[in-house]
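No experiment lies behind these values; they were computed from the predicted model shown.
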Amino acid sequence: VVSTQSTGNNNEGELIQTFNPAGSGPKRTCVLIVQGHVFKGDGATDKIARDVAAKEAIIFFEKNPPQFVQKIRDKTKREPVYDREDPDDYVNLLYCKAWKFAVELTKDHNQVYVRKQNLAFVLKIYGSDQNIDNAEVVAMASGAKIISTEYMSPDGFAINDCGGESLCIRAFRRYLVNQLMSLSKGYKETIFRKNPFGRIMMKEGYRFVFVTNCSPMGDCKNFDAQFYNALKNKHFFNVKHDGSELKTDVLKKSEKNKPGSGPKVPFDQSKCGKLHQYRKMALDHVPDQCIVPEPDLQPFLSPIAAPAAKIALRNVVGFQGALLSTLIDNVYFPEFYIGRAFDDVALARAFYGRLQGARFPAGVSIKVPEITRLTWKPSRMADKTTIYSFAWCEGCHLDILRADIGSVVEMIKPADLKDISEDMLRAYDSREIKSASPSQFCSYNYYEAFTELLKSLSKTVESYAKLKKSATAYQTAKQAVYNAFQQKGLGSWPKKTIIPNF
């Protein structure tokens, strides 16, 4: 006799099936034991015997229903566990403080919409001593997606780039406007002051640092030199920027199953430091950004430069932007704290190295920030990438945005779904969004806040485009950076397909 046994937990009972060996007779037998009850079935084949035994069991339990003891599986999504011990060193304490601030600020929101996968902060630090109490988060954002091309608009209502770094810099500029507004109203609690000649200056002892838990997307990671080849050849690569071999999980598995089978892509030093654009549609095995390609590959890319290129640009022109450069001196981040593994040479090249040695006009130069690797990690598991982003700065409330439409969204409650028209559901291609509105950090609302500042300072108010053009020093430096990329053979800055006209 051949027996097979399958056992669940003790509460569910057990099932035993026993068959006569094949060829021992014309009859096959199946015996089922369920919760102590024995059911027997005979038949010419195994299947018939099982069906007969099962039918006997069903008839019995219909007359004598068993007690339901099966436990309902908990389908609650597992969230990251933030239980790491606080670090001891100053740099990681800054990151720890910023992370806890983000967790506290977003704790009352659905965590699906406030993922912290690509989280960036700007911290204000007062004084030169390493006292953690003198550090304060003034701007924060998280996100890893960009707008869909069809939602781009010249009215400035949508935010094209909802990546954590770019969105955080938007929030930081709004913070600077809020601080200048406080100065114009005579408040003492502000980082700015007026010198005897009436020029607005930052108070002594203040500085800002940039903290992120990811290495900024673009030409920052150790394999970015191969983006061009990956896009052209439609396959992955395993060579670092310095020519050494990169062992990814996929390559390790491939090498284990079939040694020597991993794809090899020749290292191309000429591609290092080239300008990158975001990818706007899926390509097999291509990273989230790639080098400006030939015309036949251009349709796969959006007209938005990667954050690493934007940081390189702002290390020349300043992080305050064109509008604020007409009122204050350029603002730079002397220190960058990066919370994910990166290649030191690649990151330094991305932030400033590729522009060093370029011919800039008098008064224009590239700043060289200090780049520090963070070692403290706040959770056991990383947050998953989501289409939602969020942004906040001191003096403004938290905005939650849908990155693909670049706007703040009001979510539909399940109970209200029946009251939403099909046209509204189709408008945003989602059964979650009830309505969308411009973020307080979008270009138009930033312009509105800036014009209020100009009025309080008794200065002339112009259109957004004219105000940007009036920042002649900023625009000169910006054009010099564009020219430097071209002079060094690193590509042309992506051209905007939609120009703001407000």
Peer 1: A484 and A358: which non-hydrogen atoms are nearest, and at how many Å?
Peer 2: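 That closest heavy-atom pairing would be CB-CB, 3.5 Å.
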Peer 1: Is N118 reaching over with its side chain to a backbone N or O of S142, donor-acceptor style, under 3.5 angstrom?
Peer 2: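 No.
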Peer 1: For C214 versus I338, what's the shortest heavy-atom pair and its separation?
Peer 2: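 Scanning both residues, the minimum pair turns out to be O-CG2, 3.7 Å.
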Peer 1: How close do N178 and C396 get, heavy atom to heavy atom, and via which atoms?
Peer 2: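 Here N178 and C396 meet closest at ND2-SG, 3.6 Å.
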Peer 1: Give, for atom CG of L374 and atom CG of L94, the distance between the pair rounded to the nearest 0.5 Å.
Peer 2: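 Those atoms lie 8.5 Å apart.
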Peer 1: Within 45° of the axis and under 6.0 Å from the centre of the six-membered ring of F208, does NZ or CZ of K124 qualify?
Peer 2: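 The answer is no; the distance or angle limit is not met.
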Peer 1: For ring pair (Phe, Tyr, Trp, His ring centres under 6.0 Å), just list the numbers for F192 and Y187, CA-CA rounded to whole Å, side-chain angles, deciding distance to a tenth of an Å, and then say yes or no.
Peer 2: CA-CA 10 Å; F192 292 107; Y187 300 152; over 10 Å; no
Peer 1: Can you confirm if the NZ or CZ of R174 lies within 45° of the ring axis of Y446 and under 6.0 Å from the centre of its six-membered ring?
Peer 2: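 Because its charged atom misses either the 6.0 Å distance or the 45° angle limit, R174 does not stack over Y446.
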Peer 1: Does a donor on one side chain sit under 3.5 Å from an acceptor on the other, for S325 and Q320?
Peer 2: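 Judged by distance alone, the side chains do not pair up.
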Peer 1: Pair K459, L327 - check side-chain contact (heavy atoms from CB on, under 4.5 Å), show working.
Peer 2: CA-CA 10 Å; K459 293 184 177 291; L327 301 177; 3.6 Å; yes
Peer 1: Below 30° counts as parallel, above 60° as perpendicular, anything between as tilted: where do the rings of F319 and F336 land?
Peer 2: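 If you compare the ring of F319 with that of F336, the planes turn out tilted.
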Peer 1: Working to the nearest 0.5 Å, report the span between CZ of R170 and CD1 of I159.
Peer 2: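 Taking CZ in R170 and CD1 in I159, the distance rounds to 5.0 Å.
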Peer 1: For I200, does its backbone N or O pair with a side-chain atom of N195 as donor and acceptor, under 3.5 Å?
Peer 2: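 No.
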Peer 1: Okay, side chain of N92, backbone of W376: is any donor-acceptor separation there less than 3.5 Å?
Peer 2: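 Checked: pair present.
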Peer 1: Between Q475 (side chain only) and K468 (backbone N and O only), is there a donor and an acceptor less than 3.5 Å apart?
Peer 2: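 Yes; judged by distance alone, with no hydrogens or angles, the pair exists.
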Peer 1: Taking A158's backbone N and O only, do any of them form a donor-acceptor pair with S153's side chain (distance below 3.5 Å, no angle check)?
Peer 2: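 No; zero donor-acceptor contacts below 3.5 Å.
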Peer 1: Check whether any side-chain N or O of T326 sits under 3.5 Å from a backbone N or O of L323 as a donor-acceptor pair, and report yes or no.
Peer 2: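 Yes, T326 side chain to L323 backbone: donor-acceptor pair under 3.5 Å.
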Peer 1: Can you measure from OG1 (T190) to CD (Q179) and round to the nearest 0.5 angstrom?
Peer 2: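 Rounded to the nearest 0.5 Å, the OG1-CD separation comes to 4.0 Å.
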Peer 1: Any heavy-atom pair between the side chains of L457 and L183 that's under 4.5 Å?
Peer 2: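 No, their side chains stay 4.5 Å or more apart.
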Peer 1: If you measure from CZ on F485 to OG on S492, what distance do you get to the nearest 0.5 Å?
Peer 2: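 Between atom CZ of F485 and atom OG of S492 there are 11.0 Å.
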Peer 1: Please list, chain by chain and in numerical order, all residues satisfying side-chain contact (heavy atoms from CB on, under 4.5 Å) with T476, sequence neighbours excluded.
Peer 2: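 Listed in chain order: P361.
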Peer 1: Do T106 and K116 have side-chain heavy atoms sitting under 4.5 Å apart?
Peer 2: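 Yes - at least one pair of side-chain heavy atoms lies under 4.5 Å apart.
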Peer 1: Is there a side-chain contact between F172 and V331, using heavy atoms and a 4.5 Å cut-off?
Peer 2: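 Of all side-chain heavy-atom pairs linking V331 with F172, at least one is under 4.5 Å.
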Peer 1: Could you tell me how the ring of F502 sits relative to the ring of Y444: parallel (under 30°), tilted (30 to 60°) or perpendicular (over 60°)?
Peer 2: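 Taking Y444 first and then F502, their aromatic rings stand perpendicular (interplane angle over 60°).
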Peer 1: What distance separates M140 CE from L167 CG, expressed to the nearest 0.5 Å?
Peer 2: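 Here the rounded value is 10.5 Å.
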Peer 1: Would you check if M202 and I328 make a side-chain contact, meaning some heavy-atom pair closer than 4.5 Å?
Peer 2: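 No, too far: nothing below the 4.5 Å cut-off.
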Peer 1: What I'd like to find out is whether the side chain of L123 reaches to under 4.5 Å of the side chain of K97, using heavy atoms alone.
Peer 2: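 Not in contact.
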Peer 1: Minimum heavy-atom separation for F351 to I371, with atom names?
Peer 2: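 Minimum heavy-atom contact is CD2-CD1, 3.8 Å.
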Peer 1: Under the criterion side-chain contact (heavy atoms from CB on, under 4.5 Å), I'd like the reasoning laid out for T372 against E370: C-alpha separation, chi angles, the key distance, then a yes or no.
Peer 2: CA-CA 7 Å; T372 303; E370 181 181 345; 3.9 Å; yes
Peer 1: Looking at every heavy atom in both D404 and I147, which two are closest together, and how far apart are they?
Peer 2: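 Closest pair (atom of D404, atom of I147, distance): O-CG1, 3.4 Å.
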Peer 1: Spell out, as yes or no, whether a donor-acceptor pair under 3.5 Å connects the side chain of K488 to the backbone of R354.
Peer 2: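 Flag set: sc K488 to bb R354 pair under 3.5 Å.
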Peer 1: Would you say Q130 and V91 make side-chain contact, with heavy atoms under 4.5 Å?
Peer 2: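 Side chain of Q130 against side chain of V91, heavy atoms only: no contact under 4.5 Å found.
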Peer 1: Please, which pairs that meet salt bridge (Lys or Arg N to Asp or Glu O under 4.0 Å) have at least one residue in residues 185-205, sequence neighbours excluded?
Peer 2: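 Passing the test, one end in residues 185-205: R199-D329.
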Peer 1: Taking E462 first and then K469, would you say they form a salt bridge - that is, a charged N and a carboxylate O separated by under 4.0 Å?
Peer 2: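 So E462 does not pair with K469 through a salt bridge.
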Peer 1: Examine distances only and state if a side-chain atom of R402 and a backbone atom of S389 form a donor-acceptor pair shorter than 3.5 Å.
Peer 2: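 Pair absent, no side-chain N/O of R402 close to backbone of S389.
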Peer 1: Are the side chains of V317 and Y332 in touch, meaning some heavy atoms are under 4.5 Å apart?
Peer 2: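 They are not in side-chain contact.
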Peer 1: Would you sort out whether W392 and F101 count as a ring pair (Phe, Tyr, Trp, His ring centres under 6.0 Å), showing the intermediate values?
Peer 2: CA-CA 11 Å; W392 170 92; F101 178 85; 5.0 Å; yes
Peer 1: Step through the shown structure and confirm whether more than 12 heavy atoms of other residues, nucleotides or ligands are within 6.0 Å of OH on Y126.
Peer 2: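 Incorrect, the count does not exceed 12.
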Peer 1: Quick one: does Q440's side chain have a donor or acceptor within less than 3.5 Å of a partner on H397's backbone?
Peer 2: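 Such a contact is found between Q440 side chain and H397 backbone.
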Peer 1: One pair to check against side-chain contact (heavy atoms from CB on, under 4.5 Å): S443 and F157. What are the steps and the verdict?
Peer 2: CA-CA 7 Å; S443 297; F157 289 155; over 6 Å; no
Peer 1: Which heavy atom of L119 sits nearest to which heavy atom of A102, and what is that distance?
Peer 2: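 Distance-wise, the nearest heavy atoms are CD2-CB, 4.0 Å.
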Peer 1: Would you check if L401 and S407 make a side-chain contact, meaning some heavy-atom pair closer than 4.5 Å?
Peer 2: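 Not touching, per the 4.5 Å side-chain cut-off.
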Peer 1: For the pair Y95 and W99, name the ring-plane relationship: parallel under 30°, tilted 30 to 60°, perpendicular over 60°.
Peer 2: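 Judged by the thresholds at 30° and 60°, the geometry between Y95 and W99 is perpendicular.
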Peer 1: In this structure, which one of N315, I169, D161 forms a side-chain contact (heavy atoms from CB on, under 4.5 Å) with K310?
Peer 2: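 Single side-chain contact (heavy atoms from CB on, under 4.5 Å) partner of K310 among N315, I169, D161: D161.
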Peer 1: Please tell me whether N445 and Y447 have a donor and an acceptor in their side chains that are separated by less than 3.5 angstrom.
Peer 2: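 Short answer, no.
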Peer 1: Please evaluate residues E165 and C168 with respect to the criterion side-chain contact (heavy atoms from CB on, under 4.5 Å), reporting the C-alpha separation (whole Å), side-chain torsions for both, the decisive distance (0.1 Å), and the verdict.
Peer 2: CA-CA 5 Å; E165 302 90 358; C168 184; 5.9 Å; no
Peer 1: So, applying side-chain contact (heavy atoms from CB on, under 4.5 Å) with F121, which one of T212, V211, N213 is it?
Peer 2: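 Answer after filtering T212, V211, N213: V211.
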Peer 1: I need the S439 OG to I400 CD1 distance, nearest 0.5 Å.
Peer 2: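 Those atoms lie 11.0 Å apart.
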